[in-house]
There are 2 protein chains.
Amino acid sequence: MSFFSRKMDYALLVLSHLHGNPDGSSAREISAKFSISRPFLANIMKTLCHHGYLSSHRGVHGGYVLIRKPEDIALADIMQSLDEPFHLTDCSKDIEKQTCSARTFCPIRTGMSGVHDRIRTILKDVTLAEILDPTIRPSVSLQFGLELVSNGTHK
Amino acid sequence: MSFFSRKMDYALLVLSHLHGNPDGSSAREISAKFSISRPFLANIMKTLCHHGYLSSHRGVHGGYVLIRKPEDIALADIMQSLDEPFHLTDCSKDIEKQTCSARTFCPIRTGMSGVHDRIRTILKDVTLAEILDPTIRPSVSLQFGLELVSNGTHK
DNA sequence: TGAAATGGTACTAATTCAGTTCTATTATTA
DNA sequence: TAATAATAGAACTGAATTAGTACCATTTCA
Ligand code: FES
Ligand code: FES
């Protein structure tokens with residue numbers, strides 16, 4: 001299984017396409033362009049509209065328009081709207097409610113929580129704007145820095 | 001669905017437990033300690049043994065021993081051994097083979113590839129050693145730095 | 001009035017995940 | 001030497017999730 005569901009993936013295509021088409025576009029157009037099942041894509045676009053990413057217009061020349069700024073749409077947001085919030089393991093959900101039976105003696109609890117946070121930081125940090133134009137983010141160079149340091153100390 | 005499968009999660013518990021028990025431990029012991037289905041856990045341990053993380057000893061006082069250094073076991077390795085290598089989307093697999101039909105005009109191809117790399121970097125970078133003792137890694141402080149910088153320029 | 005779009009909901013099929021089952025082999029111990 | 005407790009290996013099943021359909025209603029416009 002992929003990390004991102006197809007809904008998530010298709011949603012990013014939709015949002016990106018609509019960003020390039022400020023006058024809007026319909027489910028038919030987008031499904032044709034990317035060879036995606038039309039009714040499936042239509043459902044996804046309904047959901048995106050419902051969550052305030054798109055505005056809709058019915059009728060013959062209807063369609064959807066992107067109404068949120070790409071900089072304000074984080075991957076974590078889309079994920080939460082379409083599927084569910086990110087969590088690293090089953091236990092991650094439990095931990096907040098403190099229901100995991102192993103929590104008092106679990107040898108990986110703290111470590112996993114750190115990994116959880118690192119990935120969640122990426123998902124909250126990366127926006128549609130960066131997906132559209134990966135060069136705009138300073139975090140790219142920072143990430144390379146991180147990679148070099150860790151190789152130096154660790155390998 | 002969680003990012004890590006249960007197999008992955010249980011494997012980390014197994015490896016951590018065995019690190020704390022250098023004389024080894026059996027599937028029975030570990031399944032009892034963490035309340036995990038014994039045959040399921042046994043399968044996981046077989047796989048870990050098969051991939052060279054553990055050595056096994058049959059018979060009445062048999063069991064498994066951790067034979068790889070925690071610093072040399074990255075999350076990406078375990079994931080690959082138990083499930084499949086990390087990939088962000090269905091297309092991520094295709095892209096290497098260049099079979100994705102949208103690849104020539106896909107508006108998110110480069111951006112997604114960047115996200116893919118960032119997450120994969122974490123999975124390759126974080127080892128069992130860091131899971132066991134999250135304070136040992138310099139990347140923790142670096143990560144906080146990254147968070148601060150990105151908040152400063154972006155929010 | 002008919003075609004083309006979204007709105008809403010319920011349903012189905014396919015796939016994956018989680019867990020089981022069974023038989024064989026090895027080693028210890030009484 | 002027989003019972004027991006462990007791993008080895010493979011096939012199988014049930015449950016859950018994902019991916020995709022189907023249907024009908026409503027809106028808009030030509
Ligand atoms: S598995 Fe739940 S706290 Fe570690
Ligand atoms: S979806 Fe395959 S290249 Fe973008």
Side-chain angles (χ1 to χ4, degrees), chain A residues 1-11 13-14 18 21 23-32 34-67 79 81-87 89-91 93, chain B residues 1-11 13-14 18 21 23-32 34-67 79 82-85 87 89-91 93:
Chain A
M1 277 296 275
S2 300
F3 183 35
F4 285 175
S5 69
R6 288 206 179 180
K7 285 198 289 195
M8 179 80 185
D9 198 12
Y10 293 165
L13 285 174
V14 165
L18 288 176
N21 292 266
D23 292 340
S25 187
S26 67
R28 167 190 289 264
E29 270 185 11
I30 301 180
S31 76
F34 295 106
S35 311
I36 297 171
S37 148
R38 177 136 62 105
F40 188 40
L41 190 70
N43 274 339
I44 293 167
M45 293 175 81
K46 286 173 206 169
T47 305
L48 288 174
C49 188
H50 213 252
H51 282 83
Y53 299 90
L54 315 179
S55 75
S56 66
H57 192 67
R58 293 191 185 182
V60 169
H61 290 122
Y64 294 95
V65 173
L66 181 65
I67 57 174
M79 186 175 277
S81 299
L82 292 167
D83 298 307
E84 59 180 341
F86 166 76
H87 50 94
T89 64
D90 279 6
C91 169
K93 287 182 292 191
Chain B
M1 278 294 276
S2 300
F3 182 35
F4 285 174
S5 69
R6 288 206 179 182
K7 285 199 287 196
M8 179 79 184
D9 198 14
Y10 292 165
L13 284 174
V14 165
L18 287 176
N21 293 265
D23 292 340
S25 188
S26 67
R28 168 190 289 265
E29 270 185 10
I30 301 180
S31 75
F34 295 106
S35 311
I36 297 171
S37 148
R38 176 135 64 105
F40 188 41
L41 189 70
N43 276 339
I44 292 167
M45 293 175 81
K46 287 173 206 169
T47 305
L48 288 173
C49 188
H50 211 76
H51 282 84
Y53 299 90
L54 314 178
S55 76
S56 65
H57 192 66
R58 294 191 184 183
V60 168
H61 289 122
Y64 295 94
V65 173
L66 180 66
I67 57 174
M79 188 175 276
L82 291 167
D83 297 307
E84 59 180 341
H87 49 95
T89 65
D90 279 5
C91 169
K93 287 182 291 190

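Owing to the predicted nature of the structure, the values given are computational and were not obtained by experimental measurement. Protein chains get the first letters and strands the later ones, always in sequence-line order, with residue 1 at the start of each.
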Q.
Whether the side chain of B:T47 engages the backbone of B:N43 through a donor-acceptor N/O pair (distance < 3.5 Å, no angle test) should be reported.
A. yes
Q: Indicate yes or no for a side-chain donor-acceptor contact from A:S37 to the backbone of A:F40 under 3.5 Å, with no hydrogens or angles considered.
A: yes
Q) NA contact type, A:D83, heavy-atom cut-off 4.0 Å: base, sugar-phosphate, or nothing? A) nothing
Q. Given C:dG19, D:dG20, C:dT9, which nucleotide is nearest the side-chain atoms of A:N43?
A. C:dT9
(Q) In whole Å, I'd like the distance from the CZ atom of A:R28 to the P atom of C:dT6. (A) 9 Å
**Q.** Euclidean distance, atom CD1 of residue A:I44 to atom P of D:dT21 [Å, nearest integer]
**A.** 11 Å
Q: Measure from the side-chain N and O atoms of A:S26 to the backbone N and O of A:E29, and report whether any donor-acceptor pair falls under 3.5 Å.
A: yes
Q | Nearest-nucleotide comparison on DNA chain D, the residue closer to the 5′ end among A:P39 and A:M1 | A | A:M1
Q. If you take all heavy atoms of B:F4 and A:T89, which pair is closest and at what distance?
A. CB-CG2, 3.9 Å
**Q.** Closest to the B:H57 side chain, choosing from C:dA18, C:dA27, C:dG7
**A.** C:dA27
Q) How close or far is atom P of D:dA8 from atom CZ of B:R58, stated in whole angstroms? A) 6 Å
Q) Could you state the CG-C1' distance from A:L54 to C:dT6, rounded to the nearest angstrom? A) 12 Å
**Q.** Residue closer to the 5' end of DNA chain D, A:Y10 versus A:V60 (nearest nucleotide)
**A.** A:Y10
Q.
Considering every strand and a 4.0 Å limit on heavy-atom distances, what is the contact class for A:A27: base, sugar-phosphate, or nothing?
A. sugar-phosphate
(Q) Given C:dG8, C:dA18, D:dA6, identify the nucleotide with an atom nearest to the side chain of A:H50. (A) C:dG8
(Q) Check this one for me: any side-chain N or O of A:R6 less than 4.0 Å away from OP1 or OP2 of D:dT18? (A) no
Q: Write down the distance between CG (A:L18) and C1' (C:dT6), rounded to a whole number of angstrom.
A: 14 Å
Q. Is there a donor-acceptor contact under 3.5 Å linking the side chains of B:Y64 and B:S55?
A. no
Q.
Without decimals, in angstroms, what is the distance between A:R38 CZ and D:dA22 P?
A. 13 Å
Q: Would you mind telling me which residue lines up with the more 5' stretch of DNA chain C, A:H61 or B:H61, judged by nearest nucleotide?
A: A:H61
Q.
For C:dT20 and B:S37 - does any side-chain N or O of the residue sit under 4.0 Å from the phosphate oxygens OP1/OP2?
A. yes
Q) For D:dA8, does OP1 or OP2 lie under 4.0 Å from any side-chain N or O of B:S56? A) yes
Q. Can you tell me how far P of C:dC17 sits from CZ of B:F4, to the nearest Å?
A. 14 Å
Q) In whole Å, what is the span from the CG atom of B:D9 to the P atom of C:dG19? A) 11 Å
